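Structure, as structure tokens:
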Number of protein chains: 2
Amino acid sequence: MRAIKIVQFGVGPIGAGLTKYALMKHGLEFVGAVDIDPNKVGKDLGEVVGGQKIGVRITDDSRKLLTKTKPDIVLHSTGSYLKSVKPQLLEIMRSGADIISTCEELAYPFLKNPIIAKELNSSALRYNVTLLGTGVNPGFVMDALVLTATGVCQDVKSVKSSRIQDASYRRLPFQKKIGAGLTPEEFKSKVAEGTIKHVGFQESIAMIASGLGWKLDRIDEAIEPKLADKPVSSEYLKVEAGQVAGVNQTATGFVGGEPLILLNLQAYLGCPDPKEWIVIDGQPKIDLTIKGGVHGDMATAAVVVNSIPRVLNSKSGLMTMKDLPVPSGWFSDLSNFIERKR
Amino acid sequence: MRAIKIVQFGVGPIGAGLTKYALMKHGLEFVGAVDIDPNKVGKDLGEVVGGQKIGVRITDDSRKLLTKTKPDIVLHSTGSYLKSVKPQLLEIMRSGADIISTCEELAYPFLKNPIIAKELNSSALRYNVTLLGTGVNPGFVMDALVLTATGVCQDVKSVKSSRIQDASYRRLPFQKKIGAGLTPEEFKSKVAEGTIKHVGFQESIAMIASGLGWKLDRIDEAIEPKLADKPVSSEYLKVEAGQVAGVNQTATGFVGGEPLILLNLQAYLGCPDPKEWIVIDGQPKIDLTIKGGVHGDMATAAVVVNSIPRVLNSKSGLMTMKDLPVPSGWFSDLSNFIERKR
């Protein structure tokens, strides 16, 4: 089997992470990369992501690139919101390529963006390609893994998933995104502006509800600051006691009037016991912990690239993580994992 | 959509558990049950599994039943070894029914039983049906869940999965099966006879290796008694200090000469900290615990019945848990989960 031709679409921090991991895999051949940043256009993709030259230049002309190289699959990482990335996804699908995107709203678009979801699905079917939105969250720890944990249950009364992260060792943009170092008042106004917010809770809750066959009434969301009770610091920031160390965001999915799906994301400097924590109140009860938690950026790149064989093997259409086989790492040549004849 | 016609094949303790859970689901219609036990033949399936009459009599004439009722799916639970259950599986497939079986060797038959696996797969393709072997273990906690945990990893150096169970609250046959109450000498001779043994480690290790794309050299297995360091007891048994409280079984999969897949099953009376414990030595490292563990009998019934929509939706052939979508519970009418038009 020939190598699978791949394009990186969006070479920001997340896209660079995808490329770096994809470059380590056997059976993938990069044939192009897209970014609109003038500081990146014309440069070598390998160098831009912090490695060796690979002979692939970043372009801002996606249409020309896709027409010329006809990739099998495109890793897409340009934004969180479907409305803004939809034209890119449609253009890529028209070229006949499968897509895995980190767009948070694509992880389960049927609740919040049903019209766009329908349009994307129709396009995927028309061009006989597969479209998947995934990442560590949404896409794995707070939805697909929660659903997987229910696999051993004869009854599920409610599910609760908490992601509790120590932000001290994350990138500065991440620390800023969670409001670390702000005053409580500044935090409040950033929340009002919509700049402090994990995008994906609605998608995760909708995926869980759909997977279990529950009909959602509504989803409530709340974003609070996590205040430092003593001074904490990171490589980049100092936070005094009483200031904001990070964020505490909650979303609750109501089913039959009851709050049955609870998601809680805490990310702050100085968190003493980071973990993923899933509790299924069911028969039997499941109390699952991943000690230390799962490293966000590294895991997002892993989930996306690890999903490549599943997407290549999938029937066409808009898929979500709950529709595809158990997501696992693959560590030999990609050809060993591909069923579909090309 | 009409109800999915289902048959229970084998109404022992495990089969009874499958039936009890399946009877709680909407969208399934029992059309028959098979057992060879003269004490069960002719009796009502619902009563035999400890509930109300359901108007379905247990028969020992599987051929006649399958021909007459033409079930969509058969839950099969008659034995651990492929060689002995193969004729039953072939007969069921010839009738055009999908199968989910608790036969441990079917969970991943390609390593230990490659010839039978090929024969079963050919038959499944010929009759356009799907065949799946699953259960809590093998099938979920020590293989599919381990693979799922690697989904967030960019590298996996080794995997270790431990299942540590308090046998105090299990059925008497289970307590006997793990050797509780024996002397160390009696335990040793039972191991030599092959009567104390979890069947499924070879299958779980082979599934993990295949999922990760690792080539297995060999698998080593060891079975040791877990001796009581103080007197312990259950509803059924008393164990003195120095006697056998249960079993400690290990299997090690070697890849490139290195022991990279370690499975450890401990089941004994008086276990202080029962849990499922998966450690992926990788990038990132994953340290996953299910506190208290997963109840074996209940979870096996859950995994089997929860897999029904996945098997009905699957392409034909011999499938394993790693080939099917994320295994999750379903709690509304089955028709909501079925894609295939019948």
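Predicted model only: the values in this text are computed from it and were never measured. Residue numbers start from 1 in every chain, and the chains themselves are labelled A, B, ... in the order their sequence lines are given, proteins ahead of strands.
- In this structure, no portion of B:Ile280 lies under 4.5 Å from any heavy atom of chain A.
- Each of A:Leu288, A:Asn306, A:Val146 has some count of heavy-atom pairs under 4.5 Å with chain B, and the biggest count is that of A:Leu288.
- Looking at A:Gln283, both its backbone and its side chain come within 4.5 Å of chain B, counting heavy atoms on both sides.
- Residues forming a side-chain contact (heavy atoms from CB on, under 4.5 Å) with A:Asp297 (at least two apart in sequence, or on another chain): A:Ile14, A:Arg170, A:Arg171, A:His295.
- Most heavy-atom pairs under 4.5 Å with chain B, from the set A:Asp333, A:Thr300, A:Ile278, A:Val156: that is A:Val156.
- Using modelled atom types, one side-chain atom of B:Asn121 and one backbone atom of B:Leu318 make a donor-acceptor pair closer than 3.5 Å.
- Scanning all heavy atoms of the two residues, the minimum distance from B:Ser307 to B:Leu132 falls at CB-CD2, 3.9 Å.
- Heavy-atom neighbours of A:Lys291 NZ from other residues, nucleotides or ligands within 6.0 Å: at or below the threshold of 12.
- Contact of A:Phe331 with chain B is made through backbone and side chain together, with heavy-atom distances under 4.5 Å.
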Donor-acceptor list for residues 148-155 of chain B side chains, cut-off 3.5 Å, not counting sequence neighbours:
residue, atom, partner, partner atom, Å
B:Thr148, OG1, B:Ala144, O, 2.8
B:Thr150, OG1, A:Gly329, N, 3.0
B:Thr150, OG1, B:Leu147, O, 2.5
B:Gln154, NE2, A:Met298, O, 3.0

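- In this structure, chain B has a heavy atom under 4.5 Å from the backbone of A:Ser210, while its side chain stays farther away.
- Proximity to chain A (any heavy atom under 4.5 Å) is shown, for B:Asn336, by neither the backbone nor the side chain.
- Residue-environment remark: NZ (B:Lys160) stays at or below the threshold of 12 foreign heavy atoms within 6.0 Å.
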